[in-house]
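Working notes, structure below.
Numbers for residues simply follow the sequence, beginning at 1.
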Amino acid sequence: MKTIPSLAKLLEQWRRPPKTETTETTETTETTETAETTVGRLLPPLGVDGQPTTSRRPTLRVGVAIAQTAEPSGQNLLTGQATPEVSIVRKPSSSARTDTQGRRSHRSASPSPTIGGVGGDAPEPAKGQKGPNCATVRVGKASPVSLVVVVVCLTAAIGNRFYNQPQLNVGTRAPATIHAPEEAEVRDEKTTEENRQAARVGAVPMLMMDNAVNDLMEKELQRLLAYGDRLRVKAGSIPFISTEILSLRTQRYLRRAHPWEWLAVLAAKNEKLPPNTAPKTTPDASSALPVLMQWVWQNKPLGAAGQEAERELRAYRARTNSAKLLALINEITAARNAYGQAMELLLTSEQATIYQASFLDISDADWSATKKGIEKAASLIRIQGIAPGVPKQIQENTINAHVRALVPESTQTIAVQILLEVLDQPNLTPDPEATRIRAEQAAEAVETVKIRIKAGEVIVSEGEVITQADFVLLDHFGLSKRGVNWTGLLGLGVSVSVAVGIFWLAERRFCNPHRGRYWLRRRDHLLILLLSTSTPLLVALSVPWTSLPAIGLLVGSFYGSGLGTTVVALLTLLLPLGLDIEVTHIVASAAGGLVGGAIAGRTRAREELAFLGLGVGLTQGVVHLVGSFILSATAGSVWYAVLAAAALQSLAGLAWSVIALGISPYLEQLFDLITPVRLAELSNPNRPTLKRLAAEAPGTFQHTLFVATLAEAAAKELGCNVELVRAGTLYHDIGKMHDPLGFIENQMGGPNKHDEINDPYKSAEIIKKHVTEGLVMAKKCRLPKAIQAFIPEHQGTMLISYFYHQAQQRAAELNLPPVQESDFRYDGPIPQSRETAILMLADSCEAALRSLQDATPEEALNMVNKILRARWQDNQLVDSGLKREEMPKIAEIFVRVWQQFHHKRIAYPKAALQPKGMG
């Protein structure tokens with residue numbers, strides 16, 4: 001298969017100037033034959049929509065010279081009859097005009113729907129402002145009056161604090177000495193509320209016992225005591241022999257003495273070691289001992305405790321026989337072995353910091369008394385309660401006080417360590433309900449602040465700073481000079497003007513055809529203004545939660561993430577200037593609105609918007625929680641109240657998301673908006689109109705699907721609104737349902753209706769009627785105007801060439817008046833956007849591409865280029881914004897899609913198609 005020519009080569013072909021049209025009218029067959037050979041070979045015969053078909057009648061020949069070579073003629077797709085293989089010199093008619101460059105354009109005087117959310121009420125483009133390829137681009141040119149109205153409305157809505165603002169406010173200096181006109185007692189509501197709020201915050205939190213923690217403490221205590229018991233059993237009891245033989249001190253020393261100390265004690269007596277002891281202890285065997293032990297055996301280094309043990313053993317030897325002495329030594333050795341095993345277990349356990357070597361030297365009586373004292377102290381401390389946040393030093397002092405009263409002195413250190421390990425967490429937890437009741441009781445106990453003054457007394461002297469008490473009296477007597485703060489309003493108006501300017505810049509950046517979106521209409525500006533003013537109005541009505549999350553979701557989904565985040569950010573900066581609103585509330589709402597606005601423009605289903613609402617609520621709650629801890633010094637002491645407020649903020653963000661999701665369909669209908677979500681819904685083939693089209697005009701429906709594939713591919717490549725192109729293409733031919741058999745794709749090989757009519761004028765009216773009927777159906781289905789625009793603009797003012805040629809032939813044969821070209825042209829308008837222009841080109845090329853069977857890609861590309869060039873030279877694209885340089889690229893995309901649809905398959909052998917057992 002041949003490859004498609006390079007884009008540079010195609011672009012060079014498009015840059016060549018068109019051939020000069022001639023005006024010959026000589027009746028020659030050679031001219032007609034030339035048209036057939038040069039055009040018909042690569043370009044199949046075209047019907048009234050520029051679509052190819054197959055011949056069903058002999059070719060009619062008319063002696064008219066070729067003048068419009070760029071728009072090849074052929075056979076009518078609708079009638080199946082041959083189109084005269086000629087082109088007609090087109091002279092100016094009443095419906096056509098010539099532009100300043102000598103090109104001709106055909107326009108309808110009637111307005112049409114527009115594209116990309118720009119309806120019939122869009123502002124007129126600035127004079128002389130042209131888009132790409134000299135195409136007029138719709139630019140949102142706001143009039144000064146409308147800008148003033150927007151600034152005034154926003155300033156009036158936001159500047160609530162400036163309407164009744166006192167000139168003599170707290171912190172200002174009195175211009176003169178002011179006396180009380182009469183005796184009065186005035187309540188200071190503001191100071192009273194501040195005192196009550198301070199009482200609420202300062203109320204001591206109520207605590208309640210956590211029995212689960214107490215149970216855990218008791219289990220941990222019993223585990224530690226049981227472990228101590230196992231260690232003592234492992235080590236054996238102390239004393240392990242009668243204290244009449246060896247003192248308790250000596251027994252403790254001998255049990256824990258190092259092996260060399262035990263050896264030195266035996267050597268000091270110069271006694272034989274028992275058989276089970278290491279090394280041989282006779283003087284004769286000293287040479288077989290290790291060097292260290294030999295030195296110990298010979299030098300016998302002993303401390304005071306060792307010497308005491310040696311004396312007691314020597315005394316016992318003096319008063320008993322050798323057998324009893326040997327038995328004593330064996331008992332000592334057994335005690336030493338048990339003690340060593342217990343120490344090994346102790347040193348390798350996690351409780352090494354609690355139980356130390358001295359623990360094994362405690363007597364059984366002391367240990368029993370210690371356990372009872374520890375259990376009682378732990379019970380008393382738990383009953384007393386351990387509050388959250390108690391310093392460790394205070395907790396340790398409390399434990400020491402109980403231990404000194406309940407535990408023997410020798411074991412107090414171990415008891416303290418055990419209790420510190422067990423009582424390491426609070427068993428008292430906050431009781432929110434009891435705390436709330438106590439806080440309210442504390443607030444109610446605060447007396448109302450009243451300010452008394454007698455007639456003639458000085459409220460404030462000249463030059464003094466007005467305090468809160470002074471202001472209450474001034475305001476009560478009407479001396480605070482309340483009125484409109486025009487200076488403040490003017491400053492707010494300047495800020496609003498700057499914000500409007502920033503919004504205008506954002507609109508210019510984010511809403512333009514090159515980003516797949518179009519300039520906002522007046523109704524779009526009105527909707528954004530209404531949404532923006534809703535927030536200050538709700539704040540003025542004392543609604544505790546602002547509507548910024550809903551504004552972010554709505555503006556982001558309607559006009560894109562860029563405008564959504566811009567509107568929310570600007571409102572966040574403006575609202576605190578004119579309204580009394582808490583910082584944490586506005587910041588939390590703004591965070592939710594920014595998240596919603598940033599992501600809403602990327603959603604393609606209402607389910608995604610619903611899940612986004614969860615994210616908005618979570619963001620708002622988390623930001624409020626963090627902000628409360630940062631900005632409030634007392635938030636830590638009443639964290640449960642802050643957490644509850646954050647949860648309410650999350651629910652508020654979720655509620656605004658639900659409201660936005662609920663009203664968005666109504667706003668889309670009321671303001672004629674097209675959003676990705678709505679376009680996706682309209683593109684659902686299960687929509688009633690599309691299901692009816694598939695049932696009543698199946699050929700047209702299949703044609704629509706292929707055109708949609710072509711148009712989507714081109715729109716994606718050129719950066720246009722793909723969702724809009726898909727939806728508009730699916731509905732562009734719904735008008736054919738008024739007379740499906742009037743179009744050949746629905747005749748399914750049956751008789752041609754136009755053969756029976758045999759009147760080119762009536763047939764042309766039937767063809768053109770699918771546009772007018774389509775608009776009627778679109779309005780009944782309440783399709784957006786952006787979708788309706790595809791219906792007339794995809795045909796533009798193109799010529800219904802077959803019936804026009806047929807009418808000319810009859811006029812020549814019957815000597816009738818000249819045929820007016822305007823009678824056989826669509827009423828238009830020509831495409832007003834890149835999207836509708838792409839549809840026109842895809843619609844013109846669809847039938848031609850579908851009819852190709854064995855053509856090479858190069859042949860298909862040449863044919864598509866001829867069709868696109870015909871539309872360009874017919875001035876159908878001058879207002880669309882498409883560039884001439886984009887035409888070869890579009891042609892290449894169409895052929896690429898055609899190749900994907902008409903890929904080759906393996907030819908199956910006949911044997912593979914026969915059922916098994918046959919042949």
Side-chain angles (χ1 to χ4, degrees), residues 49-52 77 113 115-116 516 604 674-737 740 743 745-746 770-771 774 777-778 781 783-784 786-796 831 833-852 860 864 867-868 871 880 882 889-903:
D49 292 331
Q51 300 169 344
L77 176 65
I115 295 298
R604 294 295 182 270
I674 56 165
T675 64
V677 174
R678 191 181 184 192
L679 291 174
E681 293 173 349
L682 291 173
S683 300
N684 189 340
N686 291 319
R687 300 281 296 189
T689 304
L690 296 180
K691 291 180 68 175
R692 181 185 166 196
L693 178 64
E696 298 181 10
T700 299
F701 185 71
Q702 294 302 320
H703 153 78
T704 297
L705 294 180
F706 188 40
V707 172
T709 304
L710 294 173
E712 282 185 54
K716 184 176 181 180
E717 192 74 20
L718 298 181
C720 299
N721 192 328
V722 179
E723 291 88 356
L724 178 61
V725 170
R726 181 190 303 117
T729 303
L730 291 176
Y731 290 92
H732 81 282
D733 269 347
I734 59 175
K736 291 183 179 180
M737 287 190 291
F743 303 88
E745 68 264 23
N746 298 314
H770 89 275
V771 172
M777 293 181 184
C781 298
L783 294 179
I787 302 296
Q788 296 180 29
F790 283 81
I791 297 174
E793 292 181 22
H794 87 278
Q795 295 291 358
S833 72
R834 292 159 62 88
E835 284 78 6
T836 55
I838 290 174
L839 173 59
M840 170 184 277
L841 300 178
D843 189 61
S844 299
C845 297
E846 182 271 341
L849 289 172
R850 190 186 291 272
S851 66
L852 296 178
V864 171
I867 297 174
L868 267 57
R871 298 295 173 262
S880 66
L882 286 180
K889 191 175 184 180
I890 294 174
E892 187 176 307
I893 295 169
F894 287 171
V895 174
R896 188 191 310 154
V897 175
W898 167 76
Q899 287 181 288
Q900 294 169 359
F901 268 78
H902 293 275
H903 56 275

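Interatomic distance, CG of Leu882 versus CE of Met840, reported as 10.5 Å (0.5 Å rounding). Here the CD-CD distance, from Gln702 to Glu846, works out to 10.0 Å after rounding to the nearest 0.5 Å. With rounding to the nearest 0.5 Å, the separation of CD1 in Ile791 from CD in Glu793 is 10.5 Å. Rounding to the nearest 0.5 Å gives a distance of 5.5 Å between OG of Ser833 and CZ of Phe790. Atom CD1 of Ile674 is separated from atom CG of Leu724 by 4.5 Å, given to the nearest 0.5 angstrom. Distance CG/Leu693 to CE/Met737: 5.5 Å, rounded to 0.5 Å.
Contact between Ala715 and Val725 at its shortest, heavy atoms only, is CB-CG2, 3.7 Å. Smallest separation of non-hydrogen atoms from Cys720 and Ile838: SG-CD1, 3.8 Å. Nearest heavy atoms, Ile734 versus Ala778: CD1-N, 4.0 Å. Across all their heavy atoms, Ala714 and Ile893 have their closest contact at N-CG2, 3.8 Å. Between Leu849 and Ala860 the shortest heavy-atom distance is CD2-CB, 4.5 Å. Nearest heavy atoms, Leu682 versus Leu690: O-CD1, 3.8 Å.
Screening residues 688-701 for side chain to side chain donor-acceptor pair (under 3.5 Å), with sequence neighbours left out, gives Arg692-Glu696, Thr700-Glu745, Thr700-Asn746. Residue pairs meeting the salt bridge (Lys or Arg N to Asp or Glu O under 4.0 Å) criterion with at least one member in residues 711-726, sequence neighbours excluded, are Arg604-Glu723, Glu712-Arg726. Among residues at least two apart or in separate chains, there is no ring pair (Phe, Tyr, Trp, His ring centres under 6.0 Å) pair with a member in residues 675-700. Sorted by first then second residue, the ring pair (Phe, Tyr, Trp, His ring centres under 6.0 Å) pairs that include residues 674-693, not counting sequence neighbours, number zero.
Applying the side-chain hydrogen bond (donor to acceptor under 3.5 Å, both in side chains) criterion to Thr704, with sequence neighbours excluded, gives no partner residue. Taking Ala727 as the reference, Leu679, Ser683, Ile787 meet the side chain to side chain contact (heavy atoms under 4.5 Å, CB included) condition, with sequence neighbours excluded.
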- Message: With side chain to side chain contact (heavy atoms under 4.5 Å, CB included) as the criterion, how do Thr709 and Phe901 come out once you've worked through the C-alpha distance, each side chain's angles and the decisive distance to 0.1 Å?
- Response: CA-CA 10 Å; Thr709 304; Phe901 268 78; 3.6 Å; yes

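Judged by distance alone, with hydrogens and angles left aside, the side-chain atoms of Arg834 form a donor-acceptor pair with the main-chain N or O of Leu718 at under 3.5 Å. Glu835 contributes a side-chain N or O that, together with a main-chain N or O of Asn721, makes up a donor-acceptor pair within less than 3.5 Å.
At least one side-chain heavy atom of Leu730 sits under 4.5 Å from a side-chain heavy atom of Leu705. Side-chain atoms of Leu839 and Val707, non-hydrogen and from C-beta on, do get closer than 4.5 Å to each other. Between Leu841 and Phe894 there is a side-chain heavy-atom pair separated by less than 4.5 Å. Looking at heavy atoms from C-beta onward, Asp843 lies in side-chain contact with Gln795 at the 4.5 angstrom threshold.
The aromatic rings of His732 and His794 sit perpendicular to each other, their planes meeting at more than 60°, with 30° as the lower class boundary.
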